[in-house]
Amino acid sequence: MSRYNAGEVEAKWQARWTELQSFASQADPSRPKYYVLEMFPYPSGRIHMGHVRNYTLGDVIARYKRAQGFNVLHPMGWDAFGLPAENAARDSRVHPARWTYDNIAAMRQELKSMGLSLDWRRELATCHPGYYAQQQRLFLDFLAADLAYRKESWVNWDPVDQTVLANEQVIEGRGWRSGAPVEKRQLAQWFFRITAYAPDLLAALDKLDRWPERVRLMQANWIGRSEGAQFKFRLQGRDDAIEVFSTRPDTLFGASFLALSPEHALARELAAKNRDLAAFVAETRQSGTSAVALETAEKKGIDTGLRAIHPFDPARSVPVYVANFVLMEYGTGAIFGCPGHDQRDLDFARKYGLPVIPVVLPPEREAKSFAIGAEAYTDEIGRAINSGFLDGLEVADAKRAAIAKLEALGQGRGTVTWRLRDWGVSRQRYWGCPIPVIHCAACGIVPVPAKDLPVSLPEDVAFDRPGSPLDHHPTWKHVACPRCAKPARRDTDTLDTFVDSSWYFARFCSPRADVPAERAQVDYWLPVDQYIGGIEHAILHLLYSRFFTRAMRKTGHAALDEPFAGLFTQGMVLHESYRSAEGKWLYPEEVKKDESGGAIEIASGKPVTIGRREVMSKSKKNVVAPSAIIAAYGADTARWFMLSDSPPERDLEWTEAGAQGAWRFVQRLWRLVDEPSPERPVAAKGAARPDAAGGARDPLREIHKAIAQVTESIESFRFNVAVAKIYALANAVEQFAGVDPAAASARRFGLETLTVLIGPMMPHLAEEMWRRLGHESLLVDQPWPKADPDLARDDLAMIAVQVMGRLRATIAMPRDSAEDAVKAAALAEDNVKRYIESKPIRKVIVVPNRVVNVVL
RNA sequence: GCCCCAAUGGCGGAAUGGUAGACGCGGCAGACUCAAAAUCUGUUGGUGGAGACACCGUGCUGGUUCAAGUCCGGCUUGGGGCACCA
């Protein structure tokens, strides 16, 4: 008995596939195409289990579609720009490029050991000038098409490090390195006009029928279309007015204050003359720019002393506050507060002693007794009260009436606002794509001429002093203006790394072209038929890619509507965490488990605290290196474990026991083909297929059932179910009885089917089994089997018989028996009779081949 | 704080509104072995019962239905995202 040597076998077949270019893809309009793409990795240095899961899922699809005859494109690349390379440069004095390319080399080797069916000839890295040159071209085209523009915007500023901080670098309001309190600062930055496509980005979600519903919902909420009204409050004693936006104009009679964003022009103007206000505005600048920081901060405001006149009742006026929770980016930067029907407004009103007037009466309540307590009434159901001409109207009608009145008064109009903001893409960093524009004192913003692209990153940069490396480089930014030839200066910002990943799927179609995308190639390959990645990208990355697709269409680089026709979001890989008696985190290999479920630290023998399972992270040391698993068990075992047990969209816990279980199954499959015995003969290669009439009805049913179920499960991304059905087929094949030619033939058909079905999941083992079964051809070139529905069908149906919904008997009937026959058989069961007794039967429900329910 | 999702045996999970627990892991019993590992066979939701069988059971709670893990309402707990991490 030969033990299956995964290491040797896997290396052999990987070499063979490479040698034969089995996975090289080429556009071929005569064949149906299928583009499978997994989210490309950031080159952090080593692959982690999340990558193994992601790329295994994609590889199953790629190999399966290939077996079905599709011309498959399955590429891989590197999301290679980003902050960690600069941090490494600062901490370890290694150049970002060196660090990145070393990491890529290491990770490429690890990915190759997984046996993925990738077309490596198309590999790309976003930090390569060949890639970012084309990105600069796109940027300039977007600029010309008015899809890119400059405006002032706020950033987190670290006053000690003299640098802009990412939100994740702001810890409790302080810079992560300097510890200095972060300030908000305004900088001129580049923006992409994603809001121009807001209506289309929202409407087109309906057509993405192969996207998870929850991702579409999250995107819709993010885009955030709101219907409402925009209107003016005139100010007492001043000529100007405050423009507000509200989705609830029907509650206008309940207004008890106005609130301005601290960044509102009027707030700034007033702050210049009002010390308290100036202090308050300065205080709000201490908090970070993130939504969490804003919304979890205590809601505070300051009375400006101004009063605003109610649009519907000139005799009424309300105080004007400046409040820290009003966003300048949304609506008009000013709101009216209606405490009765908005919880935040209510909290604010209670805090500052402002009146609370209920103006919507919930159904079944009395106007006289209805009052607002600790909770605002925010449901949009009920009738207007205390609201003058709106009284008695339902909320929807009251909204319409209020807007009509505002329009008649010339005070405002009905309008639609979007939560989505334009995409700020400027980053004050080195390791990113340089923004290809030149700032000239005389000519303004001048695009870098096409002949001068790419604008390359200088290599000699210093990371040991505060500020942006590109900005303080001695020569890089100094250039002659392309228009007037006078001294000018390059833009020293680089592009957000989300820009890099917003079009890489298109670049894979023609990765070396000297245009961003070759039309013939993208027209053939795009859209991506199946995109696979983490749910954490549900909003930003996917939305930005959808924007890029539209922007590339407008600038003539592609003609498609949506980049990803199918999307699958996988769950994360979790592991238990371990803490030593001293409270230090321990790696799984430093811990030994005992039978009782406890664990000890191997080095000290002391007991270990087992923490809950959570996302694998270096800081908690609850990580298992894929390279170690592949070295110990082989890639097929790792792949199989990733696919079995947990549904791919759910989180998966990596366990040693599970990995060993997968390894045992690999060995078991190998023994099935490697150990023929006289009691279990296998027909020779090419022998006639088993025949239903020739006594092979049962084996044939098992095999065809398995083909149908595995195919269906893969199609619907339920790989764990496919795995279960493969186990079932392996169990069935082992049980095939008999030594006659019919049995031998059934056994061969069963083993060959099993081999083809595991092909996408455990490709090396499958290839080796195929060879062991006597085939010269490669398994990767075998077509996917087709199930015969007649052969897969059961002859008997097991029908549950219920009395009043409770199971009382089970009867076996020929499939598709007449309803009357089923009913009669059900009522004849002793146990059924027992429960019916002498009670009259009201109704008998018969679900064909499934259930009979007797209703008394 | 806001948006989105999830919860089923000891564990991972299966289940077009129709027999809850497929398949795997683990456990228990047995076979093989000098012994162990590996492998094979049987068994395994809980309670009661010799058994037939009965009752209970899909996070909590209320509802719709002949029938609810599945649909609807209200909660609890855990997770993802929140615009400069990728």
Side-chain angles (χ1 to χ4, degrees), chain A residues 1 3 39-42 44 79 81-84 155-156 164-170 189 194 212-215 217-222 224 289-297 299 325 329 343-344 419-429 496-498 500-501 534-541 543-544 569 571-572 574 595 597 612 614-615 644-647 649-653 655 657-658 660-662 664-665 667-668 671 718 720-721 723-728 731 734 798-802 804-810 831 842-845 847 849-856:
Chain A
M1 155 179 168
R3 199 168 157 83
M39 291 179 183
F40 65 165
Y42 179 79
S44 56
D79 190 11
F81 275 139
L83 272 180
V155 294
N156 298 311
V164 176
L165 297 177
N167 283 332
E168 73 155 13
Q169 296 173 323
V170 180
Q189 314 215 58
I194 189 171
E213 182 57 32
R214 62 170 160 152
V215 174
L217 241 177
M218 281 191 269
Q219 292 225 344
N221 288 336
W222 187 261
T289 57
S290 74
V292 186
L294 284 173
E295 290 188 44
T296 53
K299 308 288 178 288
F325 58 85
E329 292 85 5
Q343 192 59 44
R344 195 175 51 191
R419 211 185 74 97
L420 184 67
R421 309 198 300 258
D422 275 336
W423 173 15
V425 294
S426 295
R427 298 291 181 272
Q428 296 68 42
R429 320 230 177 265
D496 180 6
T497 55
F498 269 124
D500 311 337
S501 55
I535 184 70
E536 67 273 18
H537 293 292
I539 298 177
L540 292 181
H541 162 61
L543 196 61
Y544 291 154
T569 53
M572 294 172 305
L574 316 179
E595 300 82 38
R612 64 190 178 88
E614 50 196 317
V615 185
S644 40
D645 292 357
S646 293
E649 70 278 10
R650 288 250 281 267
D651 290 347
L652 170 145
E653 186 192 2
T655 61
Q660 280 170 8
R664 277 201 299 274
F665 187 60
Q667 295 290 345
R668 193 177 139 205
R671 278 196 309 273
R718 296 175 326 152
N720 57 321
V721 179
V723 163
K725 301 303 180 190
I726 286 171
Y727 271 113
N731 293 344
E734 278 183 329
M798 299 300 285
I799 299 174
V801 184
Q802 304 174 334
M804 293 303 285
R806 304 191 65 109
L807 181 71
R808 297 304 178 191
T810 309
N831 208 35
R842 288 207 312 190
K843 156 155 88 153
V844 178
I845 289 157
V847 181
N849 299 321
R850 286 195 170 269
V851 82
V852 176
N853 190 10
V854 181
V855 185
L856 300 177

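Just so it is clear, the model here is predicted, and its values are computed rather than measured. Chain letters run A, B, ... following the sequence lines, proteins first, then strands; residues in each count from 1. The figures here come from the full heavy-atom set of this structure, side chains too, leaving out hydrogens, waters and symmetry mates.
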Candidates [options] - which lies nearest the side chain of [X]:
X      : options             : value
A:N831 : B:C84, B:C53, B:C4  : B:C53
A:E536 : B:A86, B:A83, B:C53 : B:A86
A:A166 : B:U19, B:C84, B:A83 : B:C84
A:R850 : B:U19, B:A86, B:A83 : B:U19
A:A657 : B:A14, B:C25, B:C82 : B:C25
A:H537 : B:A15, B:A86, B:C40 : B:A86
A:I539 : B:C5, B:G81, B:G26  : B:G81
A:V721 : B:A14, B:G80, B:C84 : B:A14
A:M218 : B:G80, B:G1, B:U19  : B:G80
A:R808 : B:A54, B:C2, B:C4   : B:A54

For the base of [N], is there a side-chain donor-acceptor partner from [X] under 3.5 Å away?
X      : N     : result
A:E295 : B:C82 : no
A:R842 : B:C66 : no
A:N853 : B:C66 : yes

Problem set entry | B:U19 and B:G12, which share atom name C1', separated by this distance in whole Å |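 24 Å, rounded to whole Å.
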For this session: Determine the interplanar angle of the A:W423 and A:Y544 rings, folded into 0 to 90°, and report it as parallel if under 30°, tilted if 30 to 60°, perpendicular if over 60°.
Result: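 A:W423 vs A:Y544 ring planes: parallel.
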Reckon [X] touches a base, only the sugar-phosphate, or nothing at all at heavy-atom distances under 4.0 Å?
X      : answer
A:V851 : base
A:G82  : sugar-phosphate
A:V852 : nothing
A:R806 : sugar-phosphate
A:P212 : nothing
A:Q802 : base
A:I845 : base
A:Q169 : nothing
A:G424 : sugar-phosphate
A:T296 : base
A:R650 : sugar-phosphate

Exercise. What would the secondary structure line of RNA chain B be in dot-bracket form, counting Watson-Crick and G-U wobble pairs under 3.5 Å, with [ ] for pairs that cross earlier ones and | for pairs with another strand?
Worked result: (((((((..(((.....[....)))((((((.......))))))((((....))))..(((((..]....))))))))))))....
Provide, to the nearest angstrom, the distance between the [atom1] atom belonging to [X] and the [atom2] atom belonging to [N].
X      : N     : atom1 : atom2 : result
A:H541 : B:A86 : NE2   : C1'   : 10 Å
A:R419 : B:C2  : CZ    : C1'   : 8 Å
A:E168 : B:C84 : CD    : C1'   : 9 Å
A:M39  : B:G81 : CE    : P     : 12 Å

For this session: Return no unless some side-chain N or O of A:R718 is found under 4.0 Å from OP1 or OP2 of B:A22.
Result: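 Checking B:A22 against A:R718, no side-chain N or O comes under 4.0 Å of OP1 or OP2.
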For this session: Using a cut-off of strictly less than 4.0 Å, decide whether A:R421 has a side-chain nitrogen or oxygen near OP1 or OP2 of B:A83.
Result: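 For B:A83, neither OP1 nor OP2 has a side-chain N or O of A:R421 closer than 4.0 Å.
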Exercise. Are the side chain of A:D651 and the backbone of A:G571 linked by a donor-acceptor contact shorter than 3.5 Å?
Worked result: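 Pair absent, no side-chain N/O of A:D651 close to backbone of A:G571.
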Exercise. Where does B:G9 fall, syn or anti, if syn means a chi angle no more than 90° from 0?
Worked result: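 Syn.
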